[in-house]
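Note on naming: letters A, B, ... go to the chains in the order of the sequence lines (proteins, then strands), and numbering restarts at 1 for each one. Fair warning: this is a prediction, and the values are worked out from it, not measured in the lab.
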2 protein chains.
Amino acid sequence: MAVAERRERERIARREAILDAAQRLTAEVGYQALRMDAVADAAELSKGTIYLYFANKEALCAGVASRLIDELLPVLEKNLAKTSSGLDAVQQVLQTYFDFTREHPHHFRFAVSWLSSGERMDDSTEAFQLYRERVGHVLQHAVTAIERGQADGSVRLDVDPLPQALQLWSSMLGVILINLNKESVSQRLPMPVDLDQVVNVHIEAMARALARKERS
Amino acid sequence: MAVAERRERERIARREAILDAAQRLTAEVGYQALRMDAVADAAELSKGTIYLYFANKEALCAGVASRLIDELLPVLEKNLAKTSSGLDAVQQVLQTYFDFTREHPHHFRFAVSWLSSGERMDDSTEAFQLYRERVGHVLQHAVTAIERGQADGSVRLDVDPLPQALQLWSSMLGVILINLNKESVSQRLPMPVDLDQVVNVHIEAMARALARKERS
DNA sequence: TGCCCTAATGACCGTTAGTCAGTGGCTGAC
DNA sequence: GTCAGCCACTGACTAACGGTCATTAGGGCA
């Protein structure tokens with residue numbers, strides 16, 4: 001049945017075309033302002049068709065998010081390869097993730113709303129499964145960096161790699177969240193602040209907290 | 001004009017009654033699921049009337065949030081009075097804020113969406129001004145704790161109190177965000193994790209990063 | 001040629017934030 | 001005491017948007 005195979009290829013191609021359109025629009029306006037009608041228009045399809053390929057708006061967004069986080073992993077691995085110690089690698093994971101969110105702020109906002117969605121978001125779809133897996137890979141790099149540091153003597157031995165990696169990840173999440181919205185946050189705070197500086201302060205603080213010996 | 005004064009009192013009382021209703025409902029369902037019709041029903045007013053007292057849903061939520069954060073400040077001050085050193089006070093600020101968000105998870109979610117809203121949210125209303133001011137007070141306590149630690153020798157001298165307080169605040173934000181959604185986050189991660197432990201790991205790490213001397 | 005199956009359509013629905021022309025009761029001038 | 005005017009309040013209405021479904025188009029197979 002060559003017909004069935006062609007149909008399957010066409011189906012995948014159409015799905016990718018929808019994702020292309022959604023990704024383009026998302027880069028402009030973000031996930032929350034993304035309109036399903038606009039996606040349909042941009043993909044030159046009717047709205048109903050979008051729902052033949054994605055269960056709902058969130059599943060579509062997860063599809064876009066999966067594509068983006070795919071771009072992060074090779075960059076992260078390239079940067080990690082250059083590091084001289086485990087502690088250096090820890091800092092590199094944080095810095096690379098930060099740089100990535102600067103390039104793709106909407107992706108980060110989506111990740112935050114996904115993580116904080118509670119029961120609201122139905123993430124049982126295939127697109128979410130994939131996204132979840134990718135996030136796990138990033139976290140695994142942090143765990144590995146800590147273990148490497150404990151092996152090479154740059155990271156203190158009394159930290160537990162997995163909880164510590166989660167601490168690094170979640171605290172970085174907060175710092176990035178604030179930095180990403182620095183214009184509005186600094187307006188919204190009563191004191192003057194330099195929120196770019198805070199990112200460096202944070203990465204430095206994390207390094208001090210993990211370092212085996214007091215750093216200069 | 002005793003009439004004008006009575007009118008003003010009534011206006012304030014009505015506003016408070018609306019806030020009462022909104023706060024009650026918010027505690028049940030959260031800000032996002034709060035329906036303006038439901039607020040109107042609960043306050044025994046028509047929906048239009050709600051909009052005579054609050055510009056929009058966000059302003060109403062900011063009103064509720066202001067009330068809640070008002071509860072935090074006295075508790076924080078009480079807890080800080082018991083601390084034995086500046087470093088201890090830093091930890092107490094973090095712990096108290098964490099405990100508060102456990103009691104009022106919806107408030108925290110609102111704060112996060114406010115901070116990450118970018119241009120979306122119009123926070124020029126009076127309710128937001130007040131809320132902003134209160135958040136500033138909490139931050140100020142963190143700054144003061146660091147300065148106190150530098151004075152009493154518990155905190156290293158090479159940290160700049162304001163950026164460091166912002167680092168503490170924003171990183172704690174991320175850790176709390178993850179903890180608040182721990183059920184869904186742990187489901188969504190491919191590895192098993194204890195997210196309550198991560199909060200303690202974080203506060204410990206922060207203390208190590210700020211401590212003047214290596215802690216045991 | 002004609003039947004069938006799949007992909008695609010777009011008018012339609014439900015929900016919900018926000019609006020506005022209309023109502024009624026209190027006030028204060030006369 | 002009367003009544004014009006003001007003001008708080010009303011609730012039906014609109015707009016926007018995510019999601020649905022009865023219907024249609026057209027390629028493939030007997």
Side-chain angles (χ1 to χ4, degrees), chain A residues 1-18 21-22 25-26 29-64 110 113-114 117 120-125 127, chain B residues 1-19 21-22 25-26 28-64 110 113-114 117 120-125 127:
Chain A
M1 271 301 153
V3 171
E5 285 165 22
R6 196 207 63 213
R7 284 244 170 91
E8 180 59 19
R9 279 200 311 277
E10 281 173 355
R11 188 173 168 79
I12 291 172
R14 180 128 297 174
R15 198 188 130 96
E16 291 300 308
I18 294 171
L25 290 172
T26 300
V29 302
Y31 291 89
Q32 117 130 18
L34 185 70
R35 301 291 165 235
M36 294 304 269
D37 288 290
V39 174
D41 267 10
E44 294 176 300
L45 291 167
S46 75
K47 191 161 63 160
T49 304
I50 307 298
Y51 284 89
L52 293 176
Y53 289 86
F54 296 92
N56 50 40
K57 181 178 167 179
E58 279 157 5
L60 175 61
C61 292
V64 174
F110 174 73
S113 72
W114 172 56
S117 62
R120 286 201 311 282
M121 207 180 275
D122 171 25
D123 59 359
S124 54
T125 56
Chain B
M1 270 305 152
V3 171
E5 285 164 22
R6 196 206 64 215
R7 283 245 170 92
E8 180 60 18
R9 278 201 311 277
E10 282 174 354
R11 188 175 167 79
I12 291 171
R14 180 126 298 174
R15 198 189 128 96
E16 291 300 308
I18 294 171
L19 282 173
L25 291 171
T26 300
E28 284 169 31
V29 302
Y31 291 90
Q32 116 129 19
L34 186 70
R35 301 291 165 236
M36 295 303 270
D37 288 292
V39 174
D41 267 9
E44 295 177 300
L45 291 167
S46 75
K47 192 160 64 161
T49 305
I50 308 298
Y51 285 89
L52 294 175
Y53 289 85
F54 296 92
N56 50 41
K57 181 178 167 179
E58 278 156 6
L60 175 60
C61 291
V64 174
F110 174 74
S113 72
W114 172 56
S117 62
R120 287 201 312 280
M121 209 180 273
D122 172 24
D123 60 359
S124 55
T125 56

(request) Take atom CD1 of A:I50 and atom C1' of C:dA7, then tell me their distance rounded to the nearest Å. (result) 13 Å

(request) Return no unless some side-chain N or O of A:T49 is found under 4.0 Å from OP1 or OP2 of C:dT9. (result) yes

(message) Which residue is it: B:L19, B:I18, B:L45? I am looking for the one with a side chain to side chain contact (heavy atoms under 4.5 Å, CB included) to B:Y53.
(response) B:I18

(request) Considering just the side-chain nitrogens and oxygens of A:S46, establish if one lies under 4.0 Å of OP1 or OP2 belonging to C:dG10. (result) no

(message) With a 3.5 Å cut-off and heavy atoms only, can you find an N or O donor on one side and an acceptor on the other between the side chain of B:K57 and the base of C:dG18?
(response) no

(request) Kindly compute the distance separating CD1 (B:I12) from CD (B:E10), expressed to the nearest 0.5 Å. (result) 11.0 Å

(message) As an exercise, state the distance from CZ of B:R14 to CZ of B:R7, rounded to the nearest 0.5 Å.
(response) 12.5 Å

(message) Categorize B:L60 for me: base, sugar-phosphate, or nothing, with a 4.0 angstrom heavy-atom threshold over every strand shown.
(response) nothing

(request) Nearest whole angstrom, please: distance from the C1' of D:dC17 to the CG of A:L25. (result) 15 Å

(message) If you compare all heavy atoms of B:A55 against all heavy atoms of B:Y51, which two are closest, and at what distance to 0.1 Å?
(response) O-CD2, 3.6 Å

(request) Taking all non-hydrogen atoms of both residues into account, name the closest pair between A:V39 and A:I50 and its distance. (result) CG1-CD1, 4.1 Å

(message) I need the CG-P distance between A:D41 and D:dC17, as an integer number of Å.
(response) 13 Å

(message) Assuming nearest nucleotide by heavy-atom distance, tell me which of B:Y53 and A:D37 is located more 5' along DNA chain D.
(response) B:Y53

(request) Using atom CD of A:E44 as one end and atom P of C:dT9 as the other, report the distance to the nearest whole Å. (result) 10 Å

(message) How many whole angstroms separate atom CD of B:Q32 from atom C1' of C:dT15?
(response) 13 Å

(request) Rounded to the nearest angstrom, tell me the gap between atom OH in B:Y51 and atom P in C:dA17. (result) 6 Å

Tabulated below should be each protein N or O lying under 3.5 Å from an N or O of nucleotides 4-7 of chain D; please produce it.
none

(message) Rounded to whole Å, please give me the gap between OH in A:Y31 and P in D:dC17.
(response) 19 Å

(request) With rounding to the nearest 0.5 Å, note down the distance linking CE in B:M36 to NZ in B:K57. (result) 8.0 Å

(request) Nearest 0.5 Å please: distance from the CZ atom of B:F54 over to the CZ atom of B:R15. (result) 4.0 Å

(request) Taking all heavy atoms of A:A21 and all of A:A42, pick out the closest pair and write down the distance. (result) CB-CB, 3.9 Å

(request) Flag the pair A:Y31 / A:V64 as yes when at least one side-chain heavy-atom distance between them is below 4.5 Å, and no otherwise. (result) yes

(request) May I ask you to evaluate whether B:R35 reaches the phosphate of C:dA17, defined as a side-chain N or O under 4.0 Å from OP1 or OP2? (result) yes

(request) Looking at every strand, decide which applies to A:L45 at a 4.0 Å heavy-atom threshold: base, sugar-phosphate, or nothing. (result) sugar-phosphate

(request) Tell me which nucleotide among D:dT10, C:dA17, C:dA8 gets nearest to the side chain of B:K47. (result) C:dA17

(message) Taking 4.0 Å as the cut-off, does a side-chain nitrogen or oxygen of B:R6 come that near to OP1 or OP2 on C:dT27?
(response) yes

(request) Could you state the atom-to-atom distance from CZ of B:R15 to P of D:dA8 in whole Å? (result) 15 Å

(message) So if I take the C1' atoms of five pairs at each end of the helix from C:dT1-D:dA30 to C:dC30-D:dG1 and get each local axis, what angle do the two axes make, rounded to 10 degrees?
(response) 30°

(request) Rounded to the nearest 0.5 Å, what's the gap from OG1 on A:T26 to CG on A:L60? Could you check? (result) 7.0 Å

